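Each ligand, and each atom within it, is numbered from 1 in the order the structure gives. Because the structure is a prediction, the values reported are computed rather than measured.
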Amino acid sequence: MAKQNISSTQSLVEGLHSLSKNLWWTWNTDALYIFRELSPRLWERTNHNAPWVMADISEQELRARLGDKPFAKRVDAVLTRFKAYMSDKNTWASSKAKSLKNPVAYFSAEFGLHESVRIYSGGLGILAGDHTKSASDLGVPFVGISLFYRQGYFEQKISADGWQQEQYINVDLHRHASELIVDKNGDAVVCEIQIGFSTIKYIARRLRVGRSIIILLDTNLPENEERFRDITAHVYGGDSTTRISQEILLGIGGIRMLRAMGITPSVYHMNEGHSAFLTLELLREEIAKGVPKVKAIQNVAKECMFTTHTPVPAGHDRFNQDLMTYIFGEKAKNFGMTMDELMTFGREHPEDSNSQFCMTVLALKMSRTANGVSELHGHVSREMWNFMYPEKKVDSVPIGYVTNGIHVNSWLHEKTQSFWNEKLGTDWPEHFLEPAYWKKAVDPLSVSDEELWALRYTLRRKLVEFSRLRLQEQYSRYGNGADIYNTVLNPDALTICFARRFATYKRAPLLFTHFEKILSLFNDTKRPFQIVFAGKAHPRDDEGKKFIQKIIEITKHPNLFGKVVFIENYDMNVARYLTSGADVWLNNPRRPLEASGTSGMKISINGGMNCSIMDGWWREGYDGHNGWTIGGDEQPADAHVQDTQDSQFLFEVLSEQIIPEFYNRDANGIPKKWIKRMRHAIATLVPQYSTHRMVAEYVKKYYL
Ligand SMILES: *Cc1c(COP(=O)(O)O)cnc(C)c1O
């Protein structure tokens, strides 16, 4: 009897260690609670890093803690559920995508999987992470490829004068979810790429994300020169030489690592043009086999697909001839071309010999199919790249669309999860592909107005308290350590959030264009509203940093202090608080530059609603009753005219619709009309804008 107990404790210990190394725990809260409970302070200090918690706890402590029977029972239940998930043969893909035997190889310069794995910068990475998780949930065989950025993306602090400061922190390999990829002798798998005349060695680390894996390439080896070791230092770091080196490693290096690991993908999916050099490696393999160039290109294109993510011209990577020559040198001949022919191949306008090599052009030419990330973006992309297909009309340019989604379970507050567990039963996350289910889920028979309003209050309170703690810390750094905790933010007030990268086209300060008018709204003490900002500007984007500075300036205005706040260091954790606590999620990009946007999708399951420009996903998501729009479905050609108009539209929708509806209460203080709109938003948006729907669409339209 005693013996059996010991061996089962041993298996729980081992089980917990391997569970901490699979990011499945990030979207299964019963698993996450266990790690948090093991060391609550360390959990907070490490930004919720389960492998770190496990590394800090001795074998002895773990065994002792598992002596607590109810705790051991919970651990056992989680491990059983995890095992069942990992070995489930009865997945969506097992019936809907039977012929997809080999994995989809999904190349992305960043993956946003969890706040503790800092290899992402913004929406592109989050999308890749959510794609990975849904592929796992649906049973779609999936391998992600990216880089192991040892200092990740920067940590943001704001100086007293409102200027963004960037800090980089080294990853601790012994307290990280990834593990070194080794061969059967236990030695690291080492591959090589060439950059100019240098040979660079690299290894790889594996992240487990449920049933999916992600391979992260790393050049940080003592045998490499310092400048090559730094290729994998920062997400989108350095100058254009670093950038092209990162892309060589990702594309060419990625294919070589897959080969070394014996993985044969069924399709190569390029998430944005950063990885398009992979097509040159595939081409080299074909040419080496003796296939003639034209046929070789066709063969490569048969296996590749490409998703483009931005209509902003500067958002498409371009490299000049000198850089390309330095990088490729003599090697163009491996692709069956001279260096000049290679340059011409990647030019937007081949006849213009001064123009640069464009990664999007390469990706488009070397893919059997391409897509944008919303209906409008598909259309804009067809127009944008029409010149490459002069024989085709806009509508027949071969760029379709798959609208983005989010992995719902990664974006709900734990209170939201327990709320729906109680109302719908714990199997509700299995129904994202069934719109009818969600229509029923929000029927007044299954959930009352009072219950929904209580949920909104709970989530707003969580956001307010989280923000107060963060702001207290921020303000004490400026030397005015006065206790501001109870003077900032109001848990009863209509709460609007604006958080995303501070790229200028997203127009963070738009609301304050007509400052006096908006001030009068803020001064209405009977109908208080407040706005929480967060977001990082790219280290080289001074215009974006000026926008942050402008917002910081506004937060200091005597009539706005505590009503307009800026939370530092936007990451997935901050995003989860904001997207769950927001009553209204504000999105006011300059149309049509927001290809899709995904942050607004995260709020629906939490009962928040969108107020957005008719751009990206919202142009399809909005049905007249599930949120609000800023302006209509057309735009003036001139950007400044657009800015002026949109700021006026934003003021109008806020003052004439949103604020009055929020404060239109019945005798019990319930905003009936608001909640009706909320129900409709959940029913129409939750199933449609999940990555389950998105991945299923990629499988059906493209992967199969
Ligand atoms: C969702 C998310 C984004 C994307 O926001 P958009 O509004 O779609 O640009 C960026 N950063 C983080 C941390 C996110 O969670």
Side-chain angles (χ1 to χ4, degrees), residues 26-27 47-48 108-131 133 152-156 235-236 271-272 309-312 315 373-374 376-377 403-413 463 496-508 510 532-538 541 544 547 567-582 584-606 608 610-613 615-619 621 627 630 685 689-691 694:
T26 63
W27 75 94
N47 215 2
H48 318 144
S108 180
E110 47 170 320
F111 278 88
L113 296 153
H114 187 252
E115 54 267 27
S116 65
V117 185
R118 301 169 47 260
I119 54 170
Y120 66 94
S121 106
L124 183 75
I126 306 289
L127 179 78
D130 283 3
H131 191 132
K133 292 171 187 172
Y153 202 53
F154 67 93
E155 301 278 301
Q156 178 196 54
V235 183
Y236 306 130
N271 186 44
E272 191 49 281
H309 282 272
T310 180
V312 181
V373 289
S374 68
L376 178 62
H377 179 234
T403 305
N404 285 165
I406 53 138
H407 184 256
V408 180
N409 274 281
S410 295
W411 293 107
L412 37 75
H413 193 279
L463 169 60
I496 299 173
C497 293
F498 181 104
R500 46 183 59 82
R501 289 182 304 113
F502 264 58
T504 46
Y505 77 84
K506 293 175 186 262
R507 302 189 295 190
L510 188 77
V532 182
F533 283 94
K536 296 175 177 176
H538 187 274
D541 179 11
F547 272 17
I567 310 289
E568 286 175 335
N569 208 27
Y570 190 49
D571 71 352
M572 290 179 73
N573 178 47
V574 177
R576 216 175 290 107
Y577 275 102
L578 264 57
T579 55
S580 56
V584 174
W585 192 260
L586 178 62
N587 179 35
N588 47 234
R590 200 176 272 157
R591 183 178 139 139
L593 301 184
E594 191 64 88
S596 167
T598 55
S599 58
M601 302 172 184
K602 299 169 188 164
I603 67 171
S604 305
I605 190 77
N606 299 295
N610 281 278
C611 170
S612 171
I613 297 279
D615 196 10
W617 79 282
W618 190 238
R619 191 174 153 273
I630 303 164
L685 302 175
Y689 297 97
S690 86
T691 33
M694 180 190 85

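Shortest contact from atom 9 (O) of ligand 1 to any protein heavy atom: Lys506 NZ, 2.7 Å. At the shortest separation from atom 6 (P) of ligand 1 among protein heavy atoms lies Ser599 OG, 3.5 Å. The closest protein non-hydrogen atom to atom 11 (N) of ligand 1 is Tyr570 CE2, 3.5 Å.
A donor-acceptor pair is defined here as one N or O able to donate and one able to accept, closer than 3.5 Å; no such pair exists between the side chain of Glu155 and the backbone of Asn569. Within the 3.5 Å criterion, the main-chain N or O of Gly608 finds no donor-acceptor partner in the side chain of Asn606.
Proximity of Trp411 to ligand 1, defined as any heavy-atom pair under 4.0 Å, is confined to the side chain (atoms from C-beta onward). Of all the heavy atoms of Ile406, none lies under 4.0 Å from any atom of ligand 1, so neither backbone nor side chain is involved. Looking at Arg501 against ligand 1, nothing comes within 4.0 Å, counting heavy atoms. Here Thr598 has heavy atoms under 4.0 Å from ligand 1 in both its backbone and its side chain.
The distance from ligand 1 to the heavy atoms of Gly123 drops below 4.0 Å at these ligand atoms: 3 (C), 4 (C), 10 (C). Taking every heavy atom of Gly597 and a limit of under 4.0 angstrom, the matching atoms of ligand 1 come to 8 (O). The Ala575 neighbourhood of ligand 1 comprises atoms 15 (O), with distances under 4.0 Å to a heavy atom of that residue.
Residues Leu586 and Arg500 come closest through the heavy atom pair O-NH1, 2.9 Å. Nearest heavy atoms, Asp571 versus Glu115: OD2-CB, 3.8 Å. Closest heavy-atom contact between His114 and Tyr120: O-CE2, 3.8 Å. Between Ile567 and Ala534, the shortest heavy-atom contact is O-CB, 3.5 Å. Considering all non-hydrogen atoms of both residues, Pro592 and Leu376 come closest at CB-CD2, 4.2 Å.
Checking Arg591, Arg590, Glu594 one by one against Tyr505, the side-chain hydrogen bond (donor to acceptor under 3.5 Å, both in side chains) holds for a single residue, Glu594.
Contact between Lys602 and ligand 1 is present, with at least one heavy atom of the residue lying under 4.0 Å from the ligand.
Where the criterion is an N or O separation shorter than 3.5 Å, residue side chain and backbone included, Arg500 meets it with respect to ligand 1.
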